[in-house]
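Comments concern the structure below.
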Amino acid sequence: MERPRIIRKSAGDLPEPPHLADYAAERAAFSWQRARSELAGLPGGGLNIAYEAVERHARGERAGHIAFRFLGNNGAREVTFAELSGLTNRFANVLKALGIAKGDRLFLLASRIPELYIAVLGSFKNGTVVSPLFSAFGPEPIATRINLGAGTVLVTTASLYERKVAPVRSQLPTLRHVLVVGDDGGSADIPGTLDLGRLLAEASERFEIVPTRPEDLALLHFTSGTTGTPKGAMHVHEAVVTHWATGKYALDLHPRDIYWCTADPGWVTGTSYGVIAPLLHGVTSIVDAADFDAERWYRILQEQRVSVWYTAPTAIRMLMKAGADLARQYAFPDLRFIASVGEPLNPEAVWWGLEAFGLPIHDNWWQTETGGIMIANTPAMDIKPGSMGRPLPGIEAAIVQKGADGRLEMVDEPDRDGELALKRGWPSMLRGYLDNEERYRRCFAGDWYLTGDLARRDADGYYWFVGRADDVIKSAGHLIGPFEVESALMEHPAVAEAGVIGKPDEMVGEVVKAFVSLRQGFNPDDALRRELLGHARRKLGAAVAPKEIEFVGVLPRTRSGKIMRRLLKARELGLPEGDTSTLESGG
Ligand code: ATP
Ligand code: MG
């Protein structure tokens, strides 16, 4: 298949007129204040995420529209905006009756069940701060996070409680109540806990939203732990303005869309874009409780008639591993836009989208700290595969370097590496790290927020991810980004995935070493190793190509699917592995 270096787009060819048709004009006209005025605000003043996401629609013409379609083992459950209003009011009343007040912290430990979504939104209504945990965490990471966030309420399921919370319950001094959902979605009778199903059934459907202000805390999100111990990022209700604007520009949500965000709400993507943004735009979201399975996913895309799909590179690479032929056994006439976040998206994956779906995959970039998408490939924008796109309206990005005197210098010339920085002031910017003021202060230099990622900008204003500052390899005077090396390896038909590290070397500082997992049908032998080394040298040149390749079954990754290069390195060097609380088991 031909692999275009630029995928040209024209607004006129798209099935929906895109929200961001004229990039320059929209950016020039945009202001956060104007975006804020598109939202309702609380009737008595103030701003609340749940009012914008649920009540605005429940009281308007979309009241009967389906907000969520939950796919479970026992068929689908649909919830309209009006029903979601009643259910979340009930949850808010449950909290209120328990004496849980504004500013208290509620933790969530559940798979993608309806109660989780109801709890998130009901908590916002009560002014209660929400912190989602990943249901696959073990007891220790759960306890650490609840204690760090001083959680007073936990919502979980019967089996998760028994297996993961009960063993550490005595070590959770701030936790006052545990609300439990039965494993079949029904009631649960466990000593020391409350039956959420019964409490919801008994609660009133009417609730007056606690008047939250834009700067009131709404969410605590732990980072993925890719580079070290996860940090707890604090977000406020005003973040909803970013969720709205990015749902519009980056995901291009339109009223008719059927939208599927595959991220788990245990991570920021699953909350910002799995719960909040689609509701703000009044669209129907598909929520699938099951884990990844290639055939199941294709079936969902087809049967649910998904039109906008937001997923992650790791999922796309798994689909690639299963082969484009599998995708072609299904039809996706409604699918019009595919986006991806969380890790660099290799050009190979963008092209594969064209092959499997007839649509390229649109990379976008953001992090837990930014609370929402900052840099994106949007529907009407030409795509340069391998680039994460351009800053969205309202976002000012820059490439910076620390000068000799420690002062920040802007790198204005194109195509030069430096740290990616964002001008402070977008609404969903983190307001602090839990218990780590010093680390938070280090994120800023004057007006700029420093992301810790290295990138470059080309002459057209597209940003290219180079690597995390911690992962960049210094070899014989060159700075080498692992992403470039991994992407080149992935262009070889045998390679399913690659993770690249720098290995200390007396002569050159560090040498490049690649860990490679193979696609089905390829043998990890010396002949293939030599072929891959040669392939990489041809693509990258001898200075950048790996000197060593090791074949592995799978790469260690976080539960949100990111390759943990620091673990590859620690294992290679026989060093301690550090915090592995977010490591996916079997990695
Ligand atoms: P920790 O901060 O605990 O090490 P983390 O940085 O992986 O974990 P997240 O906030 O979930 O935690 O991830 C954000 C990071 O993921 C970004 O800083 C960047 O390194 C990477 N990332 C996200 N999207 C992209 C993308 N489109 N291209 C390249 N990298 C991306
Ligand atoms: Mg990070």
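Since the model is a prediction, treat every value here as computed from it, not as a measurement.
- At a threshold of 4.0 Å, the pair Glu548-Lys503 counts as salt-bridged, since one of the basic side-chain nitrogens sits closer than that to a carboxylate oxygen.
- Between Phe337 and Leu251, the closest heavy-atom pair is CD2-O, 3.8 Å.
- Counting only distance, with no hydrogens or angles, the side chain of Thr368 and the backbone of Val268 share no donor-acceptor pair below 3.5 Å.
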| said: Is there a side chain to side chain donor-acceptor pair (under 3.5 Å) between Thr128 and Ser123? Walk through the geometry before answering. | reply: CA-CA 5 Å; Thr128 302; Ser123 296; 5.4 Å; no

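- A donor-acceptor pair shorter than 3.5 Å can be found between the side chains of Asn364 and Tyr310.
- The shortest heavy-atom contact between Tyr449 and Trp426 is CD2-CH2, 3.9 Å.
- Between the side chains of Trp464 and Asp415, not a single donor N or O lies within less than 3.5 Å of an accepting N or O.
- Side chain of His243 to backbone of Gly371: a donor-acceptor contact under 3.5 angstrom is found.
- Under a 3.5 Å cut-off, the side chain of Thr370 and the backbone N or O of Gln367 do form a donor-acceptor pair.
- Checked by atom type and distance alone, the side chain of Tyr259 pairs as donor or acceptor with a backbone atom of Tyr273 at under 3.5 Å.
- In this structure, CD1 in Ile316 is found 9.5 Å from OG1 in Thr314, a value given to the nearest 0.5 Å.
- Screening Arg213, Arg36, Arg431 for a salt bridge (Lys or Arg N to Asp or Glu O under 4.0 Å) with Glu238, the sole residue that qualifies is Arg431.
- Annotation: side chain of Val155 is not in contact with side chain of Leu109 (no heavy-atom distance under 4.5 Å).
- Summarising the geometry, atom OG1 belonging to Thr582 is positioned 12.0 Å from atom CZ belonging to Arg557; distances are rounded to the nearest 0.5 Å.
- At distances below 3.5 Å, at least one donor-acceptor pair connects side-chain atoms of Asn377 with backbone N or O atoms of Ser387.
- Sparse packing is recorded around CD of Gln33, with 12 or fewer heavy atoms of other residues, nucleotides or ligands lying under 6.0 Å away.
- Formation of a donor-acceptor pair under 3.5 Å by the His235 side chain with backbone atoms of Leu219 is not found in this model.
- For the 3.5 Å distance criterion, the side chains of Thr223 and Tyr433 fail to qualify, holding no donor opposite an acceptor.
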Full working for salt bridge (Lys or Arg N to Asp or Glu O under 4.0 Å) between Asp458 and Lys384
CA-CA 11 Å; Asp458 69 17; Lys384 301 187 185 189; 2.8 Å; yes

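- The two atoms that bring Ala218 and Phe124 nearest to each other are O-CE2, 3.4 Å, heavy atoms only.
- A distance of 11.5 Å separates CG in Leu220 from CG in Leu430, rounded to the nearest 0.5 Å.
- The cationic atom of Arg424 (NZ for Lys, CZ for Arg) lies less than 6.0 Å from the six-membered ring centre of Phe444 and within 45° of the ring axis.
- The main-chain N or O of Ala40 is found under 3.5 Å from a side-chain atom of Glu52 such that the two form a donor-acceptor pair.
- Counting only N and O atoms by type, the side chains of Asp579 and Ser581 include a donor and acceptor under 3.5 Å apart.
- Without hydrogens or angle criteria, Trp365 side chain to Val341 main chain gives no donor-acceptor distance under 3.5 Å.
- Here the closest non-hydrogen pair linking Thr271 and Pro265 is OG1-O, 3.2 Å.
- Checked for salt-bridge contact, Asp382 and Lys9 miss the test: no charged N lies under 4.0 Å from a carboxylate O.
- The line from CZ of Phe515 to CD of Glu497 is 13.5 Å long, rounded to the nearest 0.5 Å.
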Given the rule in the side chain to side chain contact (heavy atoms under 4.5 Å, CB included) test, do Asp470 and Arg566 qualify, once you have shown the distances and angles that lead to the verdict?
CA-CA 8 Å; Asp470 299 10; Arg566 70 171 161 101; over 6 Å; no

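- Taking each heavy atom of Ala445 and Leu450 in turn, the nearest pair found is CB-CD1, 4.2 Å.
- In this model, no donor atom of one side chain and acceptor atom of the other lie less than 3.5 Å apart for Ser131 and Arg145.
- No side-chain N or O of Thr226 forms a donor-acceptor pair with one of Ser224 less than 3.5 Å apart.
- For the salt bridge (Lys or Arg N to Asp or Glu O under 4.0 Å) test with Glu343, the passing option among Arg468, Lys562, Arg317 is Arg317; the others fail.
- The ring of Trp244 has its center closer than 6.0 angstrom to the ring center of His281.
- Of the possible polar contacts, none joining the Lys248 side chain to the Leu253 backbone as a donor-acceptor pair under 3.5 Å is found.
- Between the side chains of Thr174 and Thr152, no donor-acceptor pair of N or O atoms lies under 3.5 Å.
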- Task: In sequence, state the C-alpha distance, the side-chain angles, and the governing distance for Arg571 and Glu550, and then conclude on salt bridge (Lys or Arg N to Asp or Glu O under 4.0 Å).
- Result: CA-CA 13 Å; Arg571 288 172 182 176; Glu550 181 174 331; over 6 Å; no

Could you go through Thr311 and Ile361, starting from their C-alpha distance and side-chain angles, then the distance that decides it, and tell me whether this counts as side chain to side chain contact (heavy atoms under 4.5 Å, CB included)? CA-CA 10 Å; Thr311 187; Ile361 308 210; 5.8 Å; no

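- The closest donor-acceptor contact from the side chain of Thr558 to the backbone of Gly561 lies under 3.5 Å.
- Nearest approach of Ala514 to Leu489, heavy atoms of both residues: CB-CD1, 3.6 Å.
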| query | Are Leu106 and Val129 close enough, and set up right, to give a side chain to side chain contact (heavy atoms under 4.5 Å, CB included), and what steps lead you there? | reply | CA-CA 6 Å; Leu106 174 139; Val129 181; over 6 Å; no

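- Of the N and O atoms on the side chains of Asn48 and Thr212, at least one donor lies less than 3.5 Å from an acceptor on the other residue.
- The distance from atom CD1 of Ile276 to atom OG of Ser285, rounded to the nearest 0.5 Å, is 11.5 Å.
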Taking only distance into account, with no hydrogens and no angle test, what donor-acceptor pairs under 3.5 Å do side-chain atoms of residues 388-412 form with protein atoms, sequence neighbours excluded?
from, atom 1, to, atom 2, distance (Å)
Gln401, OE1, Arg416, NH2, 3.3
Gln401, NE2, Asp417, O, 2.8
Asp405, OD1, Arg407, N, 3.0

One pair to check against side chain to side chain contact (heavy atoms under 4.5 Å, CB included): Val516 and Val552. What are the steps and the verdict?
CA-CA 6 Å; Val516 166; Val552 293; over 6 Å; no

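- One distance of note links CG of Leu345 with CG of Asp363; it measures 5.0 Å at 0.5 Å rounding.
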